[in-house]
Protein chains: 4
Amino acid sequence: MTQIDDAPRKASRIQRERQEQIFQAALDVFSTHGFRGASINQIAAQAGMSTPSLLYYFNDKQALYRAILRRTIELWLGPLHALNETSGDPVEEICAYIQRKIDMSRNFPRESRLFAAEILMGIPHAQDAVFEPLRDTFHIKISLIDRWVNAGRISQQDPHHLMYSIWATTQHYADFEAQIAGLSPNRLPTLWEDADAFLVPMYRKLLTPT
Amino acid sequence: MTQIDDAPRKASRIQRERQEQIFQAALDVFSTHGFRGASINQIAAQAGMSTPSLLYYFNDKQALYRAILRRTIELWLGPLHALNETSGDPVEEICAYIQRKIDMSRNFPRESRLFAAEILMGIPHAQDAVFEPLRDTFHIKISLIDRWVNAGRISQQDPHHLMYSIWATTQHYADFEAQIAGLSPNRLPTLWEDADAFLVPMYRKLLTPT
Amino acid sequence: MTQIDDAPRKASRIQRERQEQIFQAALDVFSTHGFRGASINQIAAQAGMSTPSLLYYFNDKQALYRAILRRTIELWLGPLHALNETSGDPVEEICAYIQRKIDMSRNFPRESRLFAAEILMGIPHAQDAVFEPLRDTFHIKISLIDRWVNAGRISQQDPHHLMYSIWATTQHYADFEAQIAGLSPNRLPTLWEDADAFLVPMYRKLLTPT
Amino acid sequence: MTQIDDAPRKASRIQRERQEQIFQAALDVFSTHGFRGASINQIAAQAGMSTPSLLYYFNDKQALYRAILRRTIELWLGPLHALNETSGDPVEEICAYIQRKIDMSRNFPRESRLFAAEILMGIPHAQDAVFEPLRDTFHIKISLIDRWVNAGRISQQDPHHLMYSIWATTQHYADFEAQIAGLSPNRLPTLWEDADAFLVPMYRKLLTPT
DNA sequence: CATGAATGAGCTTTCATTCAT
DNA sequence: CATGAATGAAAGCTCATTCAT
C-alpha cells in the first residue's frame, strides 16, 4: 500500500481549528487561481497566519492542495453513494440524485470549482487522490444504471453519457457562475433556485420508459 | 481608456506566421495552467523563440492572453450566430445548434478549456473581452427562443436554463476529458463520437411540444 | 566578562546521556557540512529529539558548536601533552608522538574533520575556544624541540615546520579520506594501517642527527 | 594580447568578463563557507550584480560550484602533469614537483581551500567533476614512481603514501593558514617562504637511495 | 523536562519585463 | 527584428530561535 503522506498530522483541538482556517483560505485561493497560480503566501495571509506557520501544518504546497482535494472528493461522493435501489422507482431515484447534486453545488460552489479546475488542467497533481476513491463507486453506479436499462425500468440510454451529462448540468451553475453573472445578472439568483425545476423534469422525461 | 492595446500589431505575412506559432503555444500553456500558472518563458520556448521576441508581438502577458481569449470567443460564437429561423422547425434548429457545438468542442478542445478556465476563475482578466462580443448575441438568441416558446413551437422552457444546459453538456467532453479518461478509459473515443447521439435526442425529446 | 556561556549545564546522569547523543549527532552533521551548512534541526533529528529539546541543553547553534569544538581540541591535545623528555631519546619521543597522532586520527576521524573544517574556513566561530587551550601547549612543545635541536640531539630543523608537517601528514588520512577513497579505493584500508609504517621512518630519518 | 576579431566575439567577451567576476567572488565565498554554507546572494553582492543576473550565467548554485571546482582541479593538475622523466634524476624530479606544488599553494590559497573543503565534506557535489580528470593522471604518476622504486632509482616507498604525504604537506600552509596565523603569527610570512627549504630536503633525504 | 506552535529572516529560484545592441 | 543581458518582485521553502504549556 502506498503511504498517504499528505494527510494532516495527528490533530489536537487547536490543530484542527488551525487546519480548518487553512482549509477555508486554501479553498478560496486554489479554487480561483488553480494550483500553480495560487500562492501559499496568499493563503497564509487569508488564514491569518505566517507562511511558515501554514507550512508547519502542511509540509508543502502540494500536500495542502492534495489534502483539500481529497476532502472535496469525499464530499463530492456523498450524493453518488446514496444512489441505490432503496426507493422503488429508478427514474425517481436518479431524479433524487440530480436534486442532491444540485444542492451540493449550491452549498459548496468553491469545492465544485476546485475540483473542476483540477480536472480542466488535466489532473496533474492528484491522479490517485482523485481516482482512487472515485473509480470504484463510479463503476458500481454505472452498473446499477445499466441493470435498470436492461430491465426496461428506465429508457434505453448509455449510462456513461447519462452520468456525465448529469454532472455537467448540475455543476454548471457553480463552475460557470461568473459567466452567468455576466450574461444574466438579474436572473442569477432565480436560476440557482430554478435549476432543479428545469433539470429534474428534463431527466425525468428522458428516463421515463415509453 | 478604451484603447484596445492588446490586439496584435498590423502584420506582414512572416509576422502572421510567428503570431500563429505564439497562439498555438499560448493556447497549450494557458489552457493547461491558467493565466497565473502559465509562464511566458514556457510559451516562448514552445513557440521556438526568445521571450523578448514574443513580447515584441504582444506587449505583455495579459495582452497575449486577451488576444487568445478574444480569438477563442469569436470562434465560439460561430455556432450561436448560425442559430436562427432559416430552417422551418425550431426544434431541429436547436438540435442543429447542439450538433455544431459538439463538433466545435471535438475540434477545439484546448480552446474550450481555455475559455472554461477563465470563467471558472471568475473572468478576472477579460471581463470586456469575454462579454462584449458575447452579450448581444446571447440576448438576441435568448429572445428568439423565448418567441419560439411563446408561439408554442417548442415546449415550455426557460431559455436561459436551456442555453446553459446545452453549453454545459456539449462542452463537458472537452473540459472534463481528463476525468472521463480516468473513469472510462476504453470508452473515451466512443463517448466523443456518441455524444451527439445521446444529447440531440435528449434535447429533441425535451423541446418537442406535446 | 569572561563568562563561559557555551559550556553545557551541570548535568545529571540522564542529562549527560542526552548531551552525549547530541554530541554524536552534532559531530556527524557539523563535520560533514561545516557550521553554516549544518542545521540544528538535522542534528536534533539525528539525536532523536526535538529542536527545542536540543536548545535546552545548548543555548544556541554557536554554543553547541563551540562545545563540541572545545571538547575536540582537548582530545586533540592529548598526544601533544605526552610529548616530553621522559624517554631518553628525543627522536623516538617525536616518533612516538607521531604514532599517537596517527592513532588518534584513525580513531576519531570525524573530530579531525570538524577541526580541519573550522580552520579551513578561517576559525570564525571559535578563535578563543581553539587557541586558548592550544597556544600555550604548542609553544612549550616548540621550545622543547628547539632545545633538542640546539643540543644537537635531533637534526637541525625549524620546529614550526616540523610540527606543522607532522600535523599535516598524520591528519591527512582522516581529513582527505574521501579523496583517497576515490583514487585508491582498494588501497584505502591498508593505507590507514600502513600510515605509521611510512611516516615514522620518514621522520626518524629526517630527525636522526648525523 | 592576441585579440583577433571584434564584433562577433564581443558578446562572449563580455560574458567571459562577467563570468570571471563571478568566479572570483564565488571562490572567496565558497572557500570560506563550503557549498551549503555559502549563499549565492552573497556571491552576487560581492560580484557586484543581482542574484538573478548571476543565475543568468550559471543556472543554479550547483552549476556555479561545479564550474569553479572543475576549473580549480585543472589548475591543480598542472604540477602533476609536469612530473615525468624529462630530467635525468627521479629524486630531483619529485623535488621539483614538490616545489611546484608549494608555489601553487602560495599563489592560489583560495583554490586550495575550496578543493580541501569539498574533499573534507565527502565530495558530495562533484564526484565526477573531481575524479574524472584526476584519476587517470594520478594512476599514471603512481605507476611512474613505482617504476622508479623498482628500478632502485629512489628509495623503497609506497607511491601512494609518498604522494599523499606530499599533498598533505605542500597544501597545509594554504589550507590551515588560519591556525598557523593564530599559533605563529610573527612566523607566518617566513614559514610560507621557508616551506620549500624545509620540505624539499626532507623528501630528498627520504627518497635518495642508499 | 520536553515539545507543539509560531515566526522573522533568509535561502534558491522563477517570473515578467526592460533596455541596449 | 531579434536577442543577450539585467533586475525587482515574488515564489516555495528552511532556518534558528522563542514561548506557552
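Throughout, a chain's letter reflects where its sequence line sits, starting with A, and its residues are numbered from 1.
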Peer 1: Over how many whole Å does the gap from A:Ile14 atom CD1 to F:dT21 atom C1' extend?
Peer 2: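 That distance rounds to 9 Å.
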
Peer 1: Regarding C:Gln24 and C:Glu20, do their side chains bring together a donor and an acceptor under 3.5 Å, going by distance alone?
Peer 2: yes

Peer 1: For the pair made of CD1 in D:Ile22 and C1' in F:dA5, what is the distance, rounded to whole Å?
Peer 2: 12 Å

Peer 1: Send over the distance from D:Gln15 CD to E:dT21 P, rounded to a whole Å.
Peer 2: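 Atom CD in D:Gln15 sits about 16 Å away from atom P in E:dT21.
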
Peer 1: Would you say the side chains of A:Gln21 and A:Arg18 form a donor-acceptor pair under 3.5 Å?
Peer 2: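 Judged by distance alone, the side chains do pair up.
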
Peer 1: Look at A:Ser53 and E:dT7 and indicate whether a side-chain polar atom (N or O) is within less than 4.0 Å of OP1 or OP2.
Peer 2: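 It does, given that an N or O in the side chain of A:Ser53 lies less than 4.0 Å from OP1 or OP2 of E:dT7.
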
Peer 1: Within this structure, what is the CD-to-C1' distance between A:Gln21 and E:dA6, rounded to whole angstrom?
Peer 2: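 Atom-to-atom, A:Gln21 to E:dA6, this comes out as 13 Å.
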
Peer 1: Taking side-chain contact (heavy atoms from CB on, under 4.5 Å) as the definition, give me every residue that meets it alongside D:Asp128, ordered by chain and number, with sequence neighbours left out.
Peer 2: D:Arg66, D:Glu132

Peer 1: Pairs counted only when both distances fall under 3.5 Å, Watson-Crick or G-U: show me the 5' to 3' dot-bracket for DNA chain F, [ ] for pseudoknotted crossings and | for other-strand partners.
Peer 2: .||||||||||||||||||||

Peer 1: Test A:Leu69 against A:Phe30 for side-chain contact (heavy atoms from CB on, under 4.5 Å), laying out the working first.
Peer 2: CA-CA 10 Å; A:Leu69 207 60; A:Phe30 278 130; over 6 Å; no

Peer 1: Among F:dT7, E:dG8, E:dT3, which is the nearest nucleotide to the side chain of C:Arg18?
Peer 2: E:dT3

Peer 1: Mind checking what makes side-chain contact (heavy atoms from CB on, under 4.5 Å) contact with C:Ala116, not counting sequence neighbours?
Peer 2: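 Once residues adjacent in sequence are excluded, the partners of C:Ala116 under the side-chain contact (heavy atoms from CB on, under 4.5 Å) criterion are C:Asp175, D:Leu120, D:Phe176.
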
Peer 1: Give each protein N/O atom lying under 3.5 Å from an N/O atom of nucleotides 11-14 of chain F, with the pair distance.
Peer 2:
unit_1 : atom_1 : unit_2  : atom_2 : d
F:dA11 : OP2    : A:Asn41 : ND2    : 2.9
F:dG12 : OP1    : A:Ala38 : O      : 3.2
F:dG12 : OP1    : A:Ile40 : N      : 3.3
F:dG12 : OP1    : A:Lys61 : NZ     : 3.1
F:dG12 : OP2    : A:Ile40 : N      : 3.0
F:dC13 : OP2    : A:Lys61 : N      : 2.8

Peer 1: Would you confirm whether the ring centroid of D:Phe58 sits within less than 6.0 angstrom of the ring centroid of D:Phe23?
Peer 2: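 D:Phe23 vs D:Phe58: aromatic centres under 6.0 Å.
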
Peer 1: Rounded to whole angstroms, how far apart are OH on D:Tyr65 and P on E:dT12?
Peer 2: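 Distance check: D:Tyr65 OH to E:dT12 P gives 14 Å.
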
Peer 1: Do the rings of A:His125 and A:Phe35 sit parallel, tilted or perpendicular, given the 30° and 60° boundaries?
Peer 2: tilted

Peer 1: Could you state the atom-to-atom distance from OH of A:Tyr56 to P of F:dT18 in whole Å?
Peer 2: 18 Å

Peer 1: Taking C:Leu27 as the fixed residue, which of C:Glu111, C:Arg71, C:Arg113 is the one that meets the side-chain contact (heavy atoms from CB on, under 4.5 Å) rule?
Peer 2: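 Result for side-chain contact (heavy atoms from CB on, under 4.5 Å) with C:Leu27: C:Glu111.
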
Peer 1: Quick check: closest heavy atoms across B:Asn41 and B:Thr51, and the distance to 0.1 Å?
Peer 2: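 So the minimum-distance heavy-atom pair works out to OD1-OG1, 2.8 Å.
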
Peer 1: Could you state the atom-to-atom distance from CZ of B:Arg66 to P of E:dA16 in whole Å?
Peer 2: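 Nearest whole value for this atom pair: 17 Å.
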
Peer 1: Please check the phosphate of E:dG4 (OP1 and OP2 only) for any side-chain N or O of A:Tyr57 closer than 4.0 Å.
Peer 2: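 No, outside the criterion.
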
Peer 1: Compare side-chain N and O positions of A:Ser50 against OP1 and OP2 of E:dT7 and report whether any pair is under 4.0 Å apart.
Peer 2: yes

Peer 1: At a heavy-atom distance below 4.0 Å, what parts of residues 117-124 of chain A sit against DNA chain F?
Peer 2: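 Output list: empty, so none.
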
Peer 1: Any donor-acceptor pair under 3.5 Å linking the side chain of C:Gln127 with the backbone of C:Ile123?
Peer 2: yes

Peer 1: Between D:Arg16 (CZ) and F:dG4 (P), how many Å, whole number?
Peer 2: 16 Å

Peer 1: Could you work out, with side-chain contact (heavy atoms from CB on, under 4.5 Å) as the rule, every residue matching A:Gln46, not counting sequence neighbours?
Peer 2: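 Result, side-chain contact (heavy atoms from CB on, under 4.5 Å) vs A:Gln46: A:Ala25, A:Asp28, A:Val29.
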
Peer 1: Measuring from B:Ile68:CD1 to B:Ile73:CD1, what's the distance to the nearest 0.5 Å?
Peer 2: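 Spacing of CD1 (B:Ile68) from CD1 (B:Ile73) equals 11.5 Å.
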
